[in-house]
Amino acid sequence: MPESTTESTTGSAGESAAGAVLARMREYIVGPARFATLHTCFDLGVVDALRKEPGLTAAELGPAVGVKPEALEQLLRLPVKEGFLAQDPDTGGYALGTLAEVPDKDLQRVLTFMGMVKTGMLRQLYWLADSVRSGSVVGLKELYGFDGTMFAAAAHVPEVRDAWGPLAQNETASVYPWFFRSFDVPAGARVLDVLGGPGLGSIMTAQLKASPGLRVTTFDQPFFEAECRRNFAAQGVEEQCDFVAGDALRSLPGGYDVLLLKHFVDMYDREDVLTILRNCRQALVPGGTIVVLAPVYPEDITDPADYQADFFPAYILGCVMGRGGLQPVSTYSSWLEECGFEVTGVTAKDPADIPPDAIINRVVITARRRD
């Protein structure tokens with residue numbers, strides 16, 4: 001009897017542990033279906049229709065959104081189950097549930113992100129394994145015949161630009177004011193915005209860090225120059241701002257007091273990041289400052305409250321670059337030290353300023369050129 005009892009207990013514990021793993025895997029299986037169902041309810045206009053006229057039944061709501069009532073009833077089971085929508089058990093009418101409590105501005109932010117996931121990720125991630133093997137974004141080649149990164153594709157493929165552009169605008173509006181409060185620029189400094197794209201970083205530097213003699217240069221691929229200069233002129237900063245074309249993996253122009261690296265160190269593998277950082281050191285005057293804005297993993301990757309590992313590996317490897325990835329602050333700090341910098345500060349956003357739906361956790365790392 002004792003042997004039988006021991007075997008039964010062990011087996012039960014093993015089954016319980018395995019069952020927990022299998023139940024967790026089930027969450028991954030249903031995840032894409034959940035996303036598609038919820039996004040479709042917004043895409044069809046169901047939520048807007050119920051916001052205007054609560055209490056509509058499927059028979060009334062279906063024609064209003066151009067869907068058969070029977071199909072609509074199927075779609076609405078999930079949002080009712082989750083409480084996003086509510087259904088009156090007596091009339092069968094639908095109304096907004098917990099969605100009614102969400103401010104429209106916040107809801108639109110979430111929908112913009114969901115739209116990017118639908119158009120800019122779901123199809124491309126079919127080729128995630130191929131992208132990881134090749135170190136390139138295979139989905140862009142298969143869908144659009146484009147051989148390159150998402151950033152380059154956005155300049156040439158309208159669908160990619162339309163998916164990514166609104167999200168980038170939202171992120172810029174949310175992040176840049178905090179970013180520019182996180183570091184100082186000496187009066188009359190020369191500033192280089194590395195991979196500054198169409199020049200927004202340079203424009204904001206000229207406007208928010210203004211001082212007599214301040215000069216700001218955007219450094220990026222040649223195809224950004226015309227748009228960049230148009231933006232400088234439109235904002236009235238063409239006298240303070242300039243553009244220089246080049247490749248940050250080869251070299252950077254020199255003689256700068258401050259270098260800005262925004263949003264891209266996570267898009268490169270270690271060796272490329274080290275190459276860029278060494279080039280940055282050469283571009284700075286002695287004692288000059290480098291300012292790095294980057295999303296980071298927590299030091300404890302098992303933190304259940306952090307969603308970076310849930311999202312970024314697939315996003316960066318399968319949809320954006322085919323290489324690279326986030327690192328914890330300790331890793332970026334060690335890379336800066338290795339390349340001749342002394343880290344002088346790390347600034348994170350106040351948790352109170354981060355919305356509950358946020359995935360990205362960014363920091364600003366400042367470092368001084370060590371001589």
State, to 0.1 Å, how close Ala248 and Ile276 come at their nearest heavy-atom pair, and which atoms those are.
O-CG1, 4.0 Å
Show, in sequence, the C-alpha distance, side-chain angles and deciding distance for Phe151 and Trp164, and conclude whether the ring-ring contact (aromatic ring centres under 6.0 Å, His included) test is met.
CA-CA 9 Å; Phe151 299 109; Trp164 182 70; 5.2 Å; yes
Does Leu143 reach the side chain of Val157, with side-chain heavy atoms less than 4.5 Å apart?
no
Residues Glu338, Arg278; criterion side-chain contact (heavy atoms from CB on, under 4.5 Å); working and verdict:
CA-CA 9 Å; Glu338 182 178 343; Arg278 292 186 184 109; 3.8 Å; yes
Between the side chain of Asp130 and the main-chain N/O of Val138, is any donor-acceptor distance below 3.5 Å?
no
Answer yes or no: are there more than 12 heavy-atom neighbours, outside Tyr126 itself, under 6.0 Å from its atom OH?
no
Assign the ring pair Phe311 / Phe113 to parallel, tilted or perpendicular, where the plane angle (0 to 90°) is split at 30° and 60°.
perpendicular
Tell me whether Val292 shares a hydrophobic cluster with Met321, the cluster being built from Ile, Leu, Val, Met, Phe, Trp, Tyr side chains joined at under 4.5 Å.
yes
Give, for atom CD of Glu82 and atom OG1 of Thr98, the distance between the pair rounded to the nearest 0.5 Å.
9.0 Å
Should Ile316 and Leu261 be counted in the same cluster of Ile, Leu, Val, Met, Phe, Trp and Tyr side chains packed under 4.5 Å apart?
yes
Between Glu299 and Ser330, is there a donor-acceptor pair closer than 3.5 Å when you use the side chain of the first and the backbone of the second?
yes
Which atom of Gly201 lies closest to which atom of Asp193, heavy atoms considered
CA-OD2, 3.4 Å
Taking side chain as C-beta onward, heavy atoms only, is Pro186 less than 4.5 Å from Val258?
yes
Would you indicate whether Arg133, at its atom CZ, is surrounded by more than 12 heavy atoms from other residues, nucleotides or ligands within a distance under 6.0 Å?
no
CG/Leu99 to CG/Leu107 distance, rounded to the nearest 0.5 angstrom?
6.5 Å
Mind checking whether Glu142 and Val137 have side chains closer than 4.5 Å, heavy atoms only?
no
Heavy-atom side-chain contact between Leu249 and Tyr268 under 4.5 Å
yes
Under a 3.5 Å distance rule, please check whether Arg368 uses its side chain to pair with a backbone N or O of Thr344 as donor and acceptor.
no
Give, for atom CG of Leu195 and atom CG of Leu260, the distance between the pair rounded to the nearest 0.5 Å.
11.5 Å
Going through the checks in order, is the side-chain contact (heavy atoms from CB on, under 4.5 Å) test met by Phe183 and Val185?
CA-CA 7 Å; Phe183 64 94; Val185 173; 3.6 Å; yes
Same apolar cluster: Leu317 and Met121, side chain cutoff 4.5 Å:
yes
Donor-acceptor pair, side chain of Gln282 and main chain of Asn279, under 3.5 angstrom:
no
Take a 6.0 Å sphere around CZ of Arg123 and say whether it holds more than 12 heavy atoms from other residues, nucleotides or ligands.
yes
If only atom types and distance count, is the side chain of Thr57 paired as donor or acceptor with the main-chain N or O of Glu60 below 3.5 Å?
yes
Where the side chain of Asp220 meets the backbone of Gly197, is there a donor-acceptor pair that is under 3.5 Å apart?
yes
Quick one: does Gln235's side chain get under 4.5 Å of Cys241's, heavy atoms only?
no
Going only through I, L, V, M, F, W and Y residues with side-chain contacts under 4.5 Å, is there a path from Phe219 to Leu277?
yes
Check whether more than 12 heavy atoms from other residues, nucleotides or ligands sit under 6.0 Å from atom CG of Asp162, and answer yes or no.
yes
Would you check if the side chain of Gln308 reaches a backbone N or O of Asn361 as a donor-acceptor pair within less than 3.5 Å?
yes
Parallel, tilted or perpendicular, judged at 30° and 60°: which one describes the rings of Tyr176 and Phe179?
tilted
Indicate if Leu192 and Leu293 have the same hydrophobic cluster label, given that clusters are the connected sets of ILVMFWY residues with side-chain heavy-atom separations under 4.5 angstrom.
no
Separation between CZ of Phe224 and CG of Asn231, rounded to the nearest 0.5 Å:
11.0 Å
Between Arg34 and Glu27, is a side-chain contact (heavy atoms from CB on, under 4.5 Å) present by the stated rule, with each step listed?
CA-CA 10 Å; Arg34 281 177 175 158; Glu27 297 301 305; 3.1 Å; yes
Side-chain contact, heavy-atom cut-off 4.5 Å: Glu227 with Pro198?
yes
Is the backbone of Gly325 close enough, under 3.5 Å, to the side chain of Asp266 for a donor and an acceptor to pair up by distance?
no
Side-chain heavy-atom pair Tyr94, Glu73 within 4.5 angstrom cut-off
yes
Indicate yes or no: does Asp257 engage Arg369 in a salt bridge with an N to O separation below 4.0 Å.
no
Counting only N and O atoms by type, is there a donor-acceptor contact under 3.5 Å from the side chain of Ser211 to the main-chain atoms of Gly188?
yes
Tell me the closest heavy-atom pair linking Trp178 and Arg362, and the distance in Å.
CH2-O, 3.8 Å
Using a 3.5 Å distance criterion without hydrogens, assess whether the side chain of Arg370 forms a donor-acceptor pair with backbone atoms of Glu337.
yes
Should we say atom CZ of Phe35 is surrounded by more than 12 heavy atoms from elsewhere, each under 6.0 Å from it?
yes
Ignoring hydrogens, what is the shortest heavy-atom contact between Thr217 and Val244? Give both atom names and the distance.
CG2-CG2, 3.6 Å
If you measure from CG on Leu122 to NE2 on His39, what distance do you get to the nearest 0.5 Å?
9.0 Å
Heavy-atom neighbours of Glu53 CD exceed 12 at 6.0 Å:
no
Which of these, Val237, Val216, Thr218, sits in a side chain to side chain contact (heavy atoms under 4.5 Å, CB included) with Thr205?
Val216
Nearest 0.5 angstrom please: Arg26 CZ to Tyr28 OH, how far?
14.0 Å
Non-hydrogen side-chain atoms of Leu75 and Val46 separated by less than 4.5 Å
no
Please check if the number of heavy atoms outside Asp184 that lie under 6.0 Å from its CG is greater than 12.
no
Which atom names give the shortest non-hydrogen contact between Leu140 and Cys319, and what distance separates them?
CD1-O, 4.5 Å
Residues Glu171, Ile360; criterion side-chain contact (heavy atoms from CB on, under 4.5 Å); working and verdict
CA-CA 10 Å; Glu171 291 295 305; Ile360 307 171; 3.6 Å; yes
Testing the basics here: between Lys209 and Phe180, what is the closest heavy-atom pair and its distance to 0.1 Å?
NZ-O, 2.6 Å
